[in-house]
Amino acid sequence: MESFLNVQDLGDLQSALAEAREIKQDRFKYVEMGKNKTILLVFFNNSLRTRLSTQKAAQNLGMNVIVLDVNAGAWKLETGHGVIMDGDKSEHILEAIPVMASYCDIIGIRSFAGLADRQYDYSETIYHQFLKYSGKPVFAMETATVHPLQAFADLITIEEYKTTPRPKVVLTWAPHPKPLPQAVPDSFAQWMNAADVDLVITHPAGYELDPKFTGDAHIEYNQLKAFEDADFIYAKNWSCPGVTYPEKYGQILHDYHTMMDWTVSSRQMAVTNHGRFMHCLPVRRGMIVTDEVIESPDSLVIPEAANREISATVVLRHILAAL
Ligand code: CP
């Protein structure tokens, strides 16, 4: 596997889930695979879970790990082409990428959407520059439009906790004070569409996600109706994806104070089928979800985060196998 952005990149999904179960039984089963291999994790943005779980996964596979926080200690990188570099950016990404690649065998990239230029974000410009100029396998640790390591961990968690062969899974928008990217809901929709679940997406009008990720998922604008008989509730905020309102890409469409009835509380959870609550974390309590719901026995946020180690171990194993 030369690139990991989408669910299709991993091959057969049921086989990947079986591998996840195998690795959960014995995390070090493939510790010899990564011997004398080096992985470089490049962070343009903050992280807790991705940073730790991906390092742990690489260690499970016996790899050496280097972590670079581009904005803390490295030269500030220019990403634009044809720019006169007379500002505070000292190094161009087109030199930095091959230099970074010379020290490693695999590169992970975290580079969030800028939310200013939809075309730039949705063409995954930074990720594809790494792919083109590194000559090394590259994988997404949340890029402009996708977060596949998270979505895979979410699916592993749903498989572990489901009580029916084909559960009803609801992806719900929830309020947030700042505009956030669409990477988590995009990937969640894509992976759920590839899995054996019934996916319903609920959000206020105007927040329609890109159909290339949502596919045939049912969109229900009435959140309470969407929650009826749901087995899993996956909450996330996202800014305007620019599908219905291209000119509002990356913006918050309403004052969040007026949207607080979308916060997931026991009121909505009461109509579910004893639904389990999920969120990728970090989460803002009182905005996305109430304390009561996230602290309830039906909350899966901690096992979901723990499964990030498993999803990353499976993905890195696939990349190592193709080196
Ligand atoms: N869910 C997730 O990716 O968490 P971090 O942003 O802390 O890595």
Side-chain angles (χ1 to χ4, degrees), residues 4-7 9-10 20 39-60 65-72 106-115 121 124 126-127 138-158 160-161 169 171-174 176-192 209 213 232-239 264 276-285 287-289 293-294 299-316:
F4 179 63
L5 275 178
N6 297 304
V7 64
D9 298 329
L10 199 51
I39 187 169
L40 171 63
L41 308 180
V42 181
F43 288 90
F44 286 84
N45 310 95
N46 294 341
S47 168
L48 187 154
R49 280 143 290 273
T50 305
R51 175 186 303 269
L52 298 181
S53 62
T54 313
Q55 287 187 64
K56 178 64 168 64
Q59 289 162 359
N60 291 348
V65 185
I66 305 173
V67 178
L68 177 67
D69 286 298
V70 172
N71 297 317
I106 300 172
I107 304 179
I109 306 296
R110 167 158 288 201
S111 176
F112 291 172
L115 298 180
D121 289 342
E124 290 286 3
I126 301 281
Y127 183 88
V138 176
F139 66 98
M141 300 193 299
E142 185 171 345
T143 55
T145 64
V146 291
H147 196 0
L149 290 172
Q150 180 65 52
F152 187 21
D154 297 332
L155 179 57
I156 293 167
T157 310
I158 287 169
E160 288 174 342
Y161 286 88
V169 177
L171 167 62
T172 182
W173 181 95
H176 196 281
K178 295 179 177 177
L180 296 186
Q182 297 103 45
V184 169
D186 281 348
S187 274
F188 186 77
Q190 184 191 62
W191 284 68
M192 290 304 118
L209 294 162
F213 296 107
F232 295 91
I233 299 297
Y234 194 94
K236 187 72 184 79
N237 172 269
W238 62 89
S239 60
V264 177
R276 314 303 295 262
F277 176 80
M278 300 179 71
H279 187 280
C280 62
L281 302 181
V283 69
R284 290 185 184 237
R285 292 179 177 216
M287 295 289 313
I288 302 284
V289 61
V293 169
I294 197 167
S299 171
L300 298 180
V301 295
I302 304 303
E304 182 184 355
N307 276 332
R308 291 292 305 276
E309 176 188 344
I310 306 304
S311 65
T313 307
V314 173
V315 169
L316 295 183

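Each ligand, and each atom within it, is numbered from 1 in the order the structure gives. Keep in mind that this is a model prediction, so the values were computed, not measured.
A donor-acceptor contact closer than 3.5 angstrom is absent between the side chains of Asn45 and Glu142. Residues Ser239 and Gln182 bring a donor and an acceptor atom of their side chains to less than 3.5 Å of each other. The closest side-chain donor-acceptor pair between Asp186 and Gln190, if any, does not fall under 3.5 angstrom.
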Using a 3.5 Å cut-off on N/O to N/O, what pairs does ligand 1 make with the protein? A line per pair would be great.
from, atom 1, to, atom 2, distance (Å)
ligand 1, 1 (N), Gln150, OE1, 3.0
ligand 1, 1 (N), Cys280, O, 3.0
ligand 1, 1 (N), Leu281, O, 2.8
ligand 1, 3 (O), Thr50, OG1, 3.0
ligand 1, 3 (O), Arg110, NH2, 3.1
ligand 1, 3 (O), His147, NE2, 2.8
ligand 1, 3 (O), Arg308, NH1, 3.2
ligand 1, 4 (O), Arg49, NE, 2.9
ligand 1, 4 (O), Leu281, O, 3.4
ligand 1, 6 (O), Arg110, NH1, 2.8
ligand 1, 7 (O), Leu48, N, 2.7
ligand 1, 7 (O), Arg49, N, 3.0
ligand 1, 7 (O), Arg49, NE, 3.3
ligand 1, 7 (O), Arg49, NH2, 3.0
ligand 1, 8 (O), Ser47, OG, 2.7
ligand 1, 8 (O), Arg49, N, 3.4
ligand 1, 8 (O), Thr50, N, 2.8
ligand 1, 8 (O), Thr50, OG1, 2.7
ligand 1, 8 (O), Arg110, NH1, 3.4
ligand 1, 8 (O), Arg110, NH2, 3.3

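The shortest heavy-atom contact between Leu5 and Ala140 is CD2-CB, 3.8 Å. Contact detail for Arg110 and Asn46: the closest heavy-atom pair is NH1-O, 2.8 Å.
Taking Ala58 as the reference, Ile39, Met63, Val65, Leu316 meet the side chain to side chain contact (heavy atoms under 4.5 Å, CB included) condition, with sequence neighbours excluded.
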